There are 4 protein chains.
Amino acid sequence: MRDLVEIGMGRSARRAYELDDVEIIPSRRTRSSKDVSTAWQIDAYRFDIPLITHPSDAVVSPRTAVAVGELGGLGVINAEGLWARHSDVEDAMFRLTRAAEEDDPLAVTRLLQELHAAPIQADLIAEAIKSVRDSGVTVAVRVSPQRAAELTPDLLAAGVEILVLQGTIVSAEHVARDGEPINLKQFIADLDVPVIAGGVGDYRTAMHLMRTGAAGVIVGYGHSSGVTTTDTVLGIGVPMATAIADAAAARRDYLDETGGRYVHVIADGGVHSSGDIAKSIACGADAVMLGEPLSAATEAPGQGLYWTSAAAHPSVPRSRVTVGAEAEVDLRTLLFGPSADPDGAVNLFGALKRAMAKTGYSDLKEFQKVGLTVRG
Amino acid sequence: MRDLVEIGMGRSARRAYELDDVEIIPSRRTRSSKDVSTAWQIDAYRFDIPLITHPSDAVVSPRTAVAVGELGGLGVINAEGLWARHSDVEDAMFRLTRAAEEDDPLAVTRLLQELHAAPIQADLIAEAIKSVRDSGVTVAVRVSPQRAAELTPDLLAAGVEILVLQGTIVSAEHVARDGEPINLKQFIADLDVPVIAGGVGDYRTAMHLMRTGAAGVIVGYGHSSGVTTTDTVLGIGVPMATAIADAAAARRDYLDETGGRYVHVIADGGVHSSGDIAKSIACGADAVMLGEPLSAATEAPGQGLYWTSAAAHPSVPRSRVTVGAEAEVDLRTLLFGPSADPDGAVNLFGALKRAMAKTGYSDLKEFQKVGLTVRG
Amino acid sequence: MRDLVEIGMGRSARRAYELDDVEIIPSRRTRSSKDVSTAWQIDAYRFDIPLITHPSDAVVSPRTAVAVGELGGLGVINAEGLWARHSDVEDAMFRLTRAAEEDDPLAVTRLLQELHAAPIQADLIAEAIKSVRDSGVTVAVRVSPQRAAELTPDLLAAGVEILVLQGTIVSAEHVARDGEPINLKQFIADLDVPVIAGGVGDYRTAMHLMRTGAAGVIVGYGHSSGVTTTDTVLGIGVPMATAIADAAAARRDYLDETGGRYVHVIADGGVHSSGDIAKSIACGADAVMLGEPLSAATEAPGQGLYWTSAAAHPSVPRSRVTVGAEAEVDLRTLLFGPSADPDGAVNLFGALKRAMAKTGYSDLKEFQKVGLTVRG
Amino acid sequence: MRDLVEIGMGRSARRAYELDDVEIIPSRRTRSSKDVSTAWQIDAYRFDIPLITHPSDAVVSPRTAVAVGELGGLGVINAEGLWARHSDVEDAMFRLTRAAEEDDPLAVTRLLQELHAAPIQADLIAEAIKSVRDSGVTVAVRVSPQRAAELTPDLLAAGVEILVLQGTIVSAEHVARDGEPINLKQFIADLDVPVIAGGVGDYRTAMHLMRTGAAGVIVGYGHSSGVTTTDTVLGIGVPMATAIADAAAARRDYLDETGGRYVHVIADGGVHSSGDIAKSIACGADAVMLGEPLSAATEAPGQGLYWTSAAAHPSVPRSRVTVGAEAEVDLRTLLFGPSADPDGAVNLFGALKRAMAKTGYSDLKEFQKVGLTVRG
């Protein structure tokens, strides 16, 4: 049984935990960082670090997708974002930066809404995909469930290798009186490429998505404190430590149910520092989807700006556009150090290795079993 | 059994939760916003949105009562407030604004106390009621238990359709050695119009109020963090998530006891954003009473000022007068969007619909069963 | 069994609660404030309000002791404080004010230490006692356990009616290898006046003090957040809600053990507003000892300054000297209103009456049973 | 069984407590400070106060090591720090101070990294050891597990009496594929001097270290809030109240297992005031390792600067360099008072004595049993 409390007579709620609520505890073994591997594999694709980029235009351009791939991670381009709608994204970013600096949050959101009102142009996104493909790294793009059926054929034709089907909350059972929602199971079965789908927030939705044939399930919706406001706007929240552990339980049960199909759990939210990456894996994730922490790289197209896709929603925006400090580190240093920053913003995956070494684990799968505490 | 803790030897207290402590969790279904209804009905009156205004003069004038009604909610005028005591409320508001800007909180409270020392004039409130009635929307006014017997005949004569009998805490059993307190059961039985009564803070008081024949029971006393200070002044608090759930339990038990009489539970407190509206319904409310969030509308008579009626108490004030930002949205946009504000202050009921859609529910009654978490 | 948690293997700690952690819940009854009594009696002395002053020189001069007595409470003069050591206390206060304004906390503490290094003069304190006695109100003074034997004879001769024997922590069993600690039981038995003793922090110490024959037991040590630093300096804390409830349990058990001797529990700490007074009684106190809240009265000798006696300790000071806002209310208004302050700083005992009325209780003894919540 | 919570399905975490979460409760006895002893002994070495210095160059120079020793504690010089690498440490400190004042945290960390990139010079550290030895106080130095085998012979030759083998996390089982990690058991058995080893964070690691033959085990890694960022960088944390209690349980079990070998538990982290020292002992520690609190002494080589050794890590720094206020107290006053500071920064061990006296305990070993509360 879950840990339930009665919030009022006959009404219970489950106790849930954020990454901030947990800490990793050292165990009786230590190990050298050199003997630690952070590699993982999804379908036929192998990666040196458990990093997938959140498909935010602020951090992923075709060029940074290549850079991330070359550094051992997976860059994901948003097929419904600025690169799919504007030929001059640099100008759009410039206008956003200028608006953001004027300290009128509504104006920034309005500009973002306006920029996303432009139509998606198939040739623009095809061109972006081609440039990534030409570099030789794995090509991944993100589509929403609403537009997946419409956009996917062109994306595949352009050379996409991994499809990320992602909305704030994606369920295997979308109910609609009118319209013809996507049948995920059929959709995935018909594709030749692996699909990573989400986000989800609980065991059942994770399990249902696994049963559609997804190769990976995303937990969370890329929320970032100070940026994302889903709780304030919708009352909905996905405490990540609990949600990751639940999805990991679904992974185990689905593995058993299928006699061996392992669906990867990708944590997308609540990560602000290298310590949070370690905690995500420790709670059961196979990889993390990073957005905001990458916005500090000199290569980030947003030049310090950050937002999640919910920021551009035409009527119910649920993310702020934030302005970071001027970036001083390149992506390689951001991921692998060395760092002179004591706050875990730099050397993100070097620190993960060190956390694993200091607690005596040599690979990600084992590290999912490390001891945890929650503050009393 | 409730969730009790022993705070000291032989002295227990109940664990109770605010709306801020809970979050809604997504379920395995999603739905389109277009297929969601937020309609509800009390007695013969049907409303598109579960909105009743808190009878604060800062947000409800006769004109805004009409606007709220036309937009699908229920506006409630305070029959003991400024519109009942002053012919030139605009001037009173102007003086309050000026006082509030001078950053002397005691002076503002004193002015409010002074403005409420003026006598209630039957013709003023009758005129206000008439202007609402003429517009064709449902007419509701609020009286206190202390003055209900005296004021109600005139209010009914003026055309009131729903009577809101409201004090900070209203009980069915007011004990007094001298004086002749109102007998609620008799009072309600003698009326031809439905009565909404409250606030209450627990199961028993809610149950007793239901047994007096009230059509709706108000939970809470319109408290708003940063505005209301009942806890600091009296030590009394009504944690809303718990109080709403308790009143919903009383509603169920009373429904069973009477073989089918459904008394509506109206949550009045703790709502600062659209997310809090969703949480109120999720905890068991049928509708919310909104005060402070409406003060941001361009039509609000207080022009950004806000206070609850306890602010004007002649000897024990329990609410501050707060000054909001200059309003930039009209009431329609405030309720239905579109919004460029990521903090849930705009598109209050569009966001409610979206929260329901994202968790797979199609009407308010079902949404009361959505999953909840509390922070570990 | 108490509510224990295991903080580490084989080491448990008790969950304990501050007044801030609890809230009073309304019950199914309400009552008129006019029908509420806040009177109580200790030994032969009857008081209209459950107020004893904390013996801080910042709030109690001989003159304010008289004023408090005339308003229905009990003023307690510190027989080891400034009035006992200096003939010109006004000048001492002036120097403290000047030092406090210079924003050098160490300098203020040093001055306070220096002022308390002056010897106690029997004639000064006798004169102070006489001036209170002449006014006709009950005369109470405070001595420390260390100096009680030495000072008490002169104090009794000067006309003291209630003796307050108070240290940060007072136990019935003071162990010492050298020196001759006071035998409390003998000391109290030999006196003709009732003794109020404390502070205590737990059931056992409270019970032992009751068995010495004390008429009242003080719970806590006058701590005030922002002023007192005992936790930081000594690691020792007395969470008041728990400590009061424990002492009330000792009161019940001692009443049973003696077949009817009722020892009063006086809460001394954690009170910052009228709501905290209500909570103290609700947790089981018979009266509250107030310090800091009284420093806002125009009659307070410290003119806004506040400190507790631990501030003047020559080597381990455990209280800051704080500077409040300029006082604008006289003592009568501070205690009984009317108030234009929404933060519970004014009308302290009018608000207590109102809290009792709103929850349906008519006297202090009954109000000790009111329902409580703790935040989940 | 430990106090476990289920953070998600099939994934549990242990509730753990920081020193800030606990408070000491007064008991029924009090005692005079004069009758309290804070003495303790490790191997043949006896100390008047349970103080070992954290080997931070910011607080321990050869000269302060002597001063600490003469005042009854044990100073520990870092054999891998600035005194081992630079002949002119004063100049290094001057450069650090200047960098710290320029408000560019990265620059300070970079300078610290650069200063630690200089080679260790055997003659420099030998000279430092000699100067301490000449003074007649006990000589202790710290080495890391990585360099212990290489550096120890010279250190012993120079006259070290107690060896502190310390890393952020030290385990008895360091696993490595290449390299030849130190065999702690063999290493300690071969030495003629007692070894204090750590830090550890849990029962098992503490137990394993005890079994290597260590005379003392260090709990924690000298973390200091505002300074240390291990949780942010690595996700790893050692809540001290829990960790100390666990290590104390290991001490008891090892004592039983060996039929009488008592290994001392030394708490190294979470201490910011004298109250935290008392809490550390109360949770089960035999002594505390102090770093930051000593940086306020006029004799501290860092002149107010503070950092822990993790600040100088070449690629994953995990500590800030902080700048304190200008020191006004000498070391003797810092340790023994008198104090005019109400915040527990001065008279650190006088306050410990007072805490023991006020709760009725006469020595450290008994005080480990004092009652504790945790905030509800």
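Please read all numbers here as calculations on a predicted model, not as lab measurements. Reminder, nothing fancy here: chain letters follow the sequence lines and each chain counts from 1.
- Residues from residues 369-376 of chain D that place a non-hydrogen atom less than 4.5 Å from a non-hydrogen atom of chain C comprise D/Lys369, D/Val370, D/Leu372, D/Thr373, D/Val374, D/Arg375, D/Gly376, given in numerical order.
- Looking at C/Thr242, its side chain never comes within 3.5 Å of a backbone N or O of C/Pro239 through a donor-acceptor pair.
- When each of D/Gly275, D/Ala345, D/Gly350 is scored by its heavy-atom pairs under 4.5 Å with chain C, the top score falls to D/Gly275.
- For residues 16-23 of chain C, a heavy-atom distance under 4.5 Å to chain D picks out C/Ala16, C/Tyr17, C/Glu18, C/Asp20, C/Asp21, given by residue number.
- Side-chain polar atoms of D/Thr205 and D/Asp202 form a donor-acceptor pair below 3.5 angstrom.
- Side chain of D/Thr333 to backbone of D/Val329: no donor-acceptor contact under 3.5 angstrom is found.
- Between chain D and the options C/Ala206, C/Ser315, C/Pro145, heavy-atom pairs under 4.5 Å are most frequent for C/Ser315.
- D/Asn347 touches chain C through its side chain: at least one heavy atom from C-beta onward sits under 4.5 Å away, while N, CA, C and O do not.
- Of the residues D/Ile266, D/Ile218, D/Asp268, the one that meets the side-chain contact (heavy atoms from CB on, under 4.5 Å) test with D/Ile52 is D/Ile266.
- Note that CG of D/Leu364 is 6.5 Å distant from CG of D/Leu352, once rounded to the nearest 0.5 Å.
- Listed options C/Thr228, C/Thr109, C/Thr232 were ranked by heavy-atom pairs under 4.5 angstrom with chain D; first place goes to C/Thr232.
- With a 4.5 angstrom heavy-atom cutoff, D/Glu328 touches chain C only via side-chain atoms.
- Separating the OG atom in D/Ser273 from the CD atom in D/Glu292 is a distance of 11.0 Å, to the nearest 0.5 Å.
- With chain D as partner, the option from C/Ile7, C/Thr229, C/Ile236 having the largest number of non-hydrogen pairs under 4.5 angstrom is C/Ile7.
- In terms of heavy-atom pairs under 4.5 angstrom with chain C, the leader among D/Ser274, D/Ala249, D/Cys283 is D/Ser274.
- Between D/Thr359 atom OG1 and C/Leu234 atom CG the span is 9.0 Å, to the nearest 0.5 Å.
- With 3.5 Å as the limit, one finds a donor-acceptor pair spanning the side chains of D/Arg261 and D/Tyr254.
- A salt bridge links D/Arg211 with D/Glu257: the distance from a Lys NZ or Arg NE/NH1/NH2 to an Asp or Glu carboxylate oxygen falls below 4.0 Å.
- Taking non-hydrogen atoms and a 4.5 Å limit, the residue list of residues 304-313 of chain C in contact with chain D, ordered by number, reads C/His313.
- Distance check: D/Leu335 CG to D/Leu348 CG gives 6.0 Å after rounding to the nearest 0.5 Å.
- Checking C/His272 against C/Ser225 by side-chain atom types alone, a donor-acceptor pair falls below 3.5 Å.
- Between the C/Glu80 side chain and the C/Ser144 main chain, a donor and an acceptor come within less than 3.5 Å of each other.
- With chain D as partner, the option from C/Val316, C/Val108, C/Val321 having the largest number of non-hydrogen pairs under 4.5 angstrom is C/Val316.
- Only the side chain of D/Lys279 comes within less than 4.5 Å of a heavy atom of chain C; its backbone N, CA, C and O stay farther away.
- Once rounded to the nearest 0.5 Å, the distance linking CE of D/Met289 with OH of D/Tyr221 reads 15.0 Å.
- For a residue to count as touching a neighbouring chain, one of its non-hydrogen atoms must lie under 4.5 Å from one of that chain's; by this rule C/Arg11 touches chain D with the side chain only.
- Relative ring orientation between D/Tyr262 and D/His264 is described as perpendicular, the plane-to-plane angle rising above 60° on a 0-90° scale split at 30° and 60°.
- Judged purely by atom type and a 3.5 angstrom limit, C/Asp57 uses its side chain to pair as donor or acceptor with the backbone of C/Leu82.
- The stretch residues 304-315 of chain C participates, sequence neighbours left out, in no salt bridge (charged side-chain N to carboxylate O under 4.0 Å, His left out) pair at all.
- Considering only heavy-atom pairs separated by less than 4.5 Å from chain C, the leading option among D/Ala278, D/Ala250, D/Ala282, D/Ala247 is D/Ala282.
- Salt bridge status for C/Arg147 with C/Glu150: present, with a side-chain N to carboxylate O gap under 4.0 Å.
- The pair C/Asp246-C/Arg14 meets the salt-bridge criterion, since a charged nitrogen lies less than 4.0 angstrom from a carboxylate oxygen.
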